[in-house]
Protein chains: 2
Amino acid sequence: MYNINYNQTEKYSEMFKALSNPYRLKIFLYLATHCRPGELSTNDEMRYTVGELGEDLEIAQSTVSHHLKELRQSGLIRMERKSKNVECWVEQETLDFMTAFFEVTQD
Amino acid sequence: MYNINYNQTEKYSEMFKALSNPYRLKIFLYLATHCRPGELSTNDEMRYTVGELGEDLEIAQSTVSHHLKELRQSGLIRMERKSKNVECWVEQETLDFMTAFFEVTQD
DNA sequence: ATTATACATCGACATATTTCGAATTATATC
DNA sequence: GATATAATTCGAAATATGTCGATGTATAAT
């Protein structure tokens with residue numbers, strides 16, 4: 001019998017829920033895979049605005065906004081207003097947290 | 001811009017949905033963490049029956065059955081009838097598939 | 001101040017999920 | 001065959017989620 005941090009299961013289930021919706025998963029993957037290696041998420045080049053995501057992924061604007069909010073609340077992405085736009089990018093720490101989950105399940 | 005297997009996003013969102021429910025996540029973690037290293041899932045010792053899961057996790061029996069079905073359909077666990085009981089265990093291949101997801105999001 | 005652009009929130013409807021007791025099915029025992 | 005045990009399916013009610021047009025709000029430009 002092994003210790004697992006059962007306190008964190010709520011957090012994990014929230015993040016899994018965030019990724020369970022096809023639109024949200026697509027948005028998340030789009031952000032994650034457009035982060036070129038070596039570049040930091042602090043670099044404007046690899047952030048996407050709400051509008052860009054809607055256009056690129058062909059999702060209604062209000063729907064994108066709604067889903068981004070959920071992704072943000074679960075901790076998977078971060079958002080920051082930059083003048084008229086709101087920029088979005090993945091939260092690396094949360095990714096590491098997720099990766100840890102599947103390490104716990106190994107051996 | 002990086003290749004990602006967008007064909008597999010449906011499968012991934014299904015698995016994430018399976019883990020998004022607190023009960024299902026607990027069941028899955030219970031199965032996963034009670035697999036002691038070195039033992040194979042083909043070993044009866046580390047399988048759990050539907051009834052055991054319900055008792056140990058204090059979930060109504062029909063609820064457990066329902067959630068196990070969803071975990072199985074998403075490919076996260078396997079089930080096999082053994083006389084009166086149905087034994088459950090995690091599907092290692094699917095775990096690897098999940099782990100791969102977060103490797104894709106890295107770098 | 002007016003106008004334009006980008007995003008968030010609201011409202012509303014449709015659909016899906018969750019949960020568990022009750023009824024049903026499968027298997028074993030006597 | 002009758003009974004007991006284990007699990008699935010059914011039914012039903014409550015709750016949650018998904019979607020998007022319409023409306024509201026924040027910022028910038030003129």
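Naming convention: chains lettered A, B, ... in sequence-line order (proteins, then strands); numbering from 1 in each chain.
Scored by the side-chain contact (heavy atoms from CB on, under 4.5 Å) test, B:Arg81 finds B:Val86 as partners (sequence neighbours excluded). Applying the ring pair (Phe, Tyr, Trp, His ring centres under 6.0 Å) criterion to B:Phe16, with sequence neighbours excluded, gives A:Phe16, B:Phe101. Evaluation of the salt bridge (charged side-chain N to carboxylate O under 4.0 Å, His left out) rule for B:Glu52 yields no partner, not counting sequence neighbours. Under the salt bridge (charged side-chain N to carboxylate O under 4.0 Å, His left out) criterion, A:Lys69 pairs with no residue at all, not counting sequence neighbours. Residues satisfying the side-chain contact (heavy atoms from CB on, under 4.5 Å) criterion with B:Asn21, sequence neighbours excluded, are B:Tyr23, B:Arg24, B:His67. In this view, B:Lys84 satisfies the side-chain contact (heavy atoms from CB on, under 4.5 Å) rule with no residue, not counting sequence neighbours. Evaluation of the salt bridge (charged side-chain N to carboxylate O under 4.0 Å, His left out) rule for A:Glu93 yields no partner, not counting sequence neighbours.
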Sequence neighbours left out, cut at 3.5 Å: what donor-acceptor pairs do the side chains of residues 56-64 of chain B make with other protein atoms?
unit_1	atom_1	unit_2	atom_2	d
B:Asp56	OD2	B:Tyr30	OH	2.6

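Each end of the helix from C:dA1-D:dT30 to C:dC30-D:dG1 yields a helix axis from five base pairs, and these two axes differ in direction by 20° (to the nearest 10 degrees).
Between C:dT27 and B:Lys82, no contact under 4.0 Å exists linking OP1 or OP2 to a side-chain N or O.
Running 5' to 3' along DNA chain D, contacts with non-hydrogen atoms of chain B at under 4.0 Å begin and end at D:dT5 to D:dT9.
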Contacts under 3.5 Å, N or O only, protein and nucleotides 7-11 of chain C:
unit_1	atom_1	unit_2	atom_2	d
C:dC7	OP1	A:Val50	N	3.2
C:dC7	OP1	A:Val86	N	3.3
C:dC7	OP2	A:Gly51	N	2.7
C:dA8	OP2	A:Ser65	OG	2.6
C:dA8	O5'	A:Ser65	OG	3.3
C:dA8	N7	A:Gln61	NE2	3.3
C:dA8	N6	A:Gln61	OE1	3.4

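Surrounding CD of B:Gln73 are more than 12 heavy atoms belonging to other residues, nucleotides or ligands, all under 6.0 Å away.
In this structure, B:Ile59 atom CD1 and C:dT18 atom P are separated by 13 Å, rounded to whole Å. Here the C1' atom of nucleotide C:dA6 and the CD atom of A:Glu80 are 16 Å apart, to the nearest Å.
For the pair A:Lys17 and A:Glu14, the salt-bridge criterion is not met [side-chain N within less than 4.0 Å of a carboxylate O].
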